Amino acid sequence: MAVDGAWLVLQEGELLADSETEKSMPQTQLDPSHVMQVGMGFWPSKTLLSAVELELFTELSDDAMTAEAIRDALGLHSRGIHDFLDALVALGFLERDAEGSEGRYSNTAETAAFLDKRSPTYMGGILEMSNARLYGFWGDLTEALKTGKPQNEVKHTGKPMFEELYSDEARLEQFMDGMTGISLGNFHALAETFDFSRYETVCDVGGATGQLCAVLAGHHPHLRLTSFDLPVVAPIAERSVAAAGLDDRISVASGDFFADPLPKADVITMGMILHDWNLERKLHLIRAAYEALPDGGAYIVIENLIDDARRENAFGLMMSLNMLIEFGDAFDFTCADFAGWCREAGFRDVEVLPLAGPASAAVAYK
Ligand SMILES: C[S@@+](CC[C@H](N)C(=O)[O-])C[C@H]1O[C@@H](n2cnc3c(N)ncnc32)[C@H](O)[C@@H]1O
């Protein structure tokens, strides 16, 4: 690998340093590829985010297409089309069946399943939201680190985050789709991993579109479920619960979880709720869950729980930085943190169930 200016050349694992570099570098063999890969990580990230924004993977739903046909269908300029598509091939997000302009591009198995809008397992919502919001806001991470202040839409209005976010109907829908995308795999993993047979009722607090209730209803026909969220979210949840034909099993309840008691249930779930708040508000929500449960009830949080030593779950740690960008004083936490807060609230035991990728469920029993 040659870096522009050629101060360092690395060939097949061999470090060849020039005389200046030799003086300042240790003699052991060093490999800069990880530094470069992460440092330039915004290149592949934005290439994929733009492909999702342009709905490229949906365009390729039916048939493989040539670069020219894709260019015309998406309204793109000739200059970048081959670089863009071939970069996606090299990154493993597209297939190409031949070299040259005759080559036709198609989805890989993963992009067909997860990034084609017509697929029932589409999860591009989180990437659409990241492209429209987080990609730009993360440009101000350094400022967030210096000030401890949020860098999103509230940066200049000072309004509470959800009030600001939901003041625009399209942005509310986009945020809901984002949550659907990031949470789908975790919700299925929870439905398969946790033993719901001992319980009859579940209330999902901050349930957004009602997705967790719908997934649990599908896996566990004996459960009766409630999805609880802010009033402005209720019509979206009612619409998706009705579309899934589950309105007889899932009720949609509205309220403010800081002002109202939570609906009572055998199991209280909170998917990526606690990480949105500071410690005082986290403790309020944990106490509210305790109040809403019967003895023996289970309180389940789904989060990108950070490992107790805070060394391994890089996604969880960066999710916490994302909470700095979004809220300022909100933060992600370890299982040990959660267990301590729950014991303080009166819960007996806490266990952790790994879910999809970097996410886990932590379960506290009353
Ligand atoms: C990060 S989203 C999580 C959505 C979903 N649980 C998931 O895991 O995909 C946080 C949710 O909390 C809801 N929420 C925020 N403030 C709330 C409040 N004061 N009362 C009730 N729900 C609230 C939001 O509307 C949103 O749906």
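Whatever order the structure lists them in is the order used to number ligands and atoms, beginning at 1. Source: prediction; values computed, not measured.
Regarding atom 27 (O) of ligand 1, its nearest protein heavy-atom neighbour is D229 OD2, 2.7 Å. In terms of protein heavy-atom proximity, atom 1 (C) of ligand 1 is closest to M272 O, 3.3 Å. With respect to atom 3 (C) of ligand 1, the closest heavy atom belonging to the protein is G271 O, 3.3 Å. Protein heavy atom closest to atom 2 (S) of ligand 1, with residue, atom name and distance, is M179 SD, 3.6 Å. Atom 12 (O) of ligand 1 has as its closest protein heavy atom I273 CD1, 3.4 Å. D256 OD1, 2.9 Å is the protein heavy atom nearest to atom 19 (N) of ligand 1.
In this structure, F327 and W277 have tilted ring planes: the angle between them lies in the 30° to 60° band. A tilted orientation is assigned to the rings of Y299 and F338, their planes being inclined by 30° to 60°.
Not one N or O of D204 is nearer than 3.5 Å to an N or O of ligand 1, by distance alone. For a threshold of 3.5 Å applied to N or O pairs, the pair formed by Y166 and ligand 1 contains at least one separation below that value. When only interatomic distances are considered, the shortest N/O to N/O separation between F257 and ligand 1 falls below 3.5 Å.
Residue-level proximity to ligand 1 for F162 is carried by the side chain, the only part with a heavy atom below 4.0 angstrom. With a 4.0 Å cut-off on non-hydrogen atoms, Q211 does not touch ligand 1 at all.
In summary, the atoms of ligand 1 found under 4.0 Å from a heavy atom of M176, numbered by their order in the structure, are 27 (O). Atoms of ligand 1 found under 4.0 Å from any heavy atom of A208 (numbered from 1 in listed order, with element): 4 (C), 27 (O). The W277 neighbourhood of ligand 1 comprises atoms 16 (N), with distances under 4.0 Å to a heavy atom of that residue. Applying the 4.0 Å criterion to heavy atoms of G255 picks out, from ligand 1, the atoms 20 (N), 21 (C). Proximity to D276 (heavy-atom distance under 4.0 Å) selects the following atoms of ligand 1: 1 (C), 10 (C). Those atoms of ligand 1 with a heavy atom of F187 less than 4.0 angstrom away are 7 (C), 8 (O), 9 (O). Every atom of ligand 1 is numbered from 1 in the order shown, and the set under 4.0 Å from a heavy atom of V233 is 25 (O).
With Y135 as the aromatic partner, K46 meets the cation-pi criteria of under 6.0 angstrom to the ring centre and within 45 degrees of the ring axis.
A salt bridge is defined here as a Lys NZ or Arg NE, NH1 or NH2 lying under 4.0 Å from an Asp or Glu carboxylate O, and R104 with E95 fails to meet this definition. A salt bridge does not link K117 with E59: every distance from a Lys NZ or Arg NE/NH1/NH2 to an Asp or Glu carboxylate oxygen is 4.0 Å or more. Between R310 and D332 no salt bridge is recorded (no basic side-chain N to carboxylate O distance below 4.0 Å).
A centroid separation of 6.0 Å or more is found between the aromatic rings of F347 and Y365. Remark: aromatic rings of F194 and F196 are close, center separation under 6.0 Å.
Applying the 6.0 Å contact sphere to CD of E192 captures more than 12 heavy atoms from other residues, nucleotides or ligands.
Note that CG of L225 and CZ of F228 are 15.5 Å apart. Values are rounded to the nearest 0.5 Å.
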>> Could you walk me through whether E173 and R239 satisfy the salt bridge (Lys or Arg N to Asp or Glu O under 4.0 Å) test, starting with their C-alpha distance in whole Å, then the side-chain angles of each, then the deciding distance to 0.1 Å, before giving a yes or no?
In response: CA-CA 12 Å; E173 295 271 358; R239 198 175 66 212; 3.2 Å; yes
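Nearest-residue assignment for atom 6 (N) of ligand 1 (options S254, G210, S183, G206; heavy-atom criterion): G206.
At a cut-off of 3.5 Å, with distance as the only test, a side-chain donor of T111 or T108 sits close to an acceptor on the other residue.
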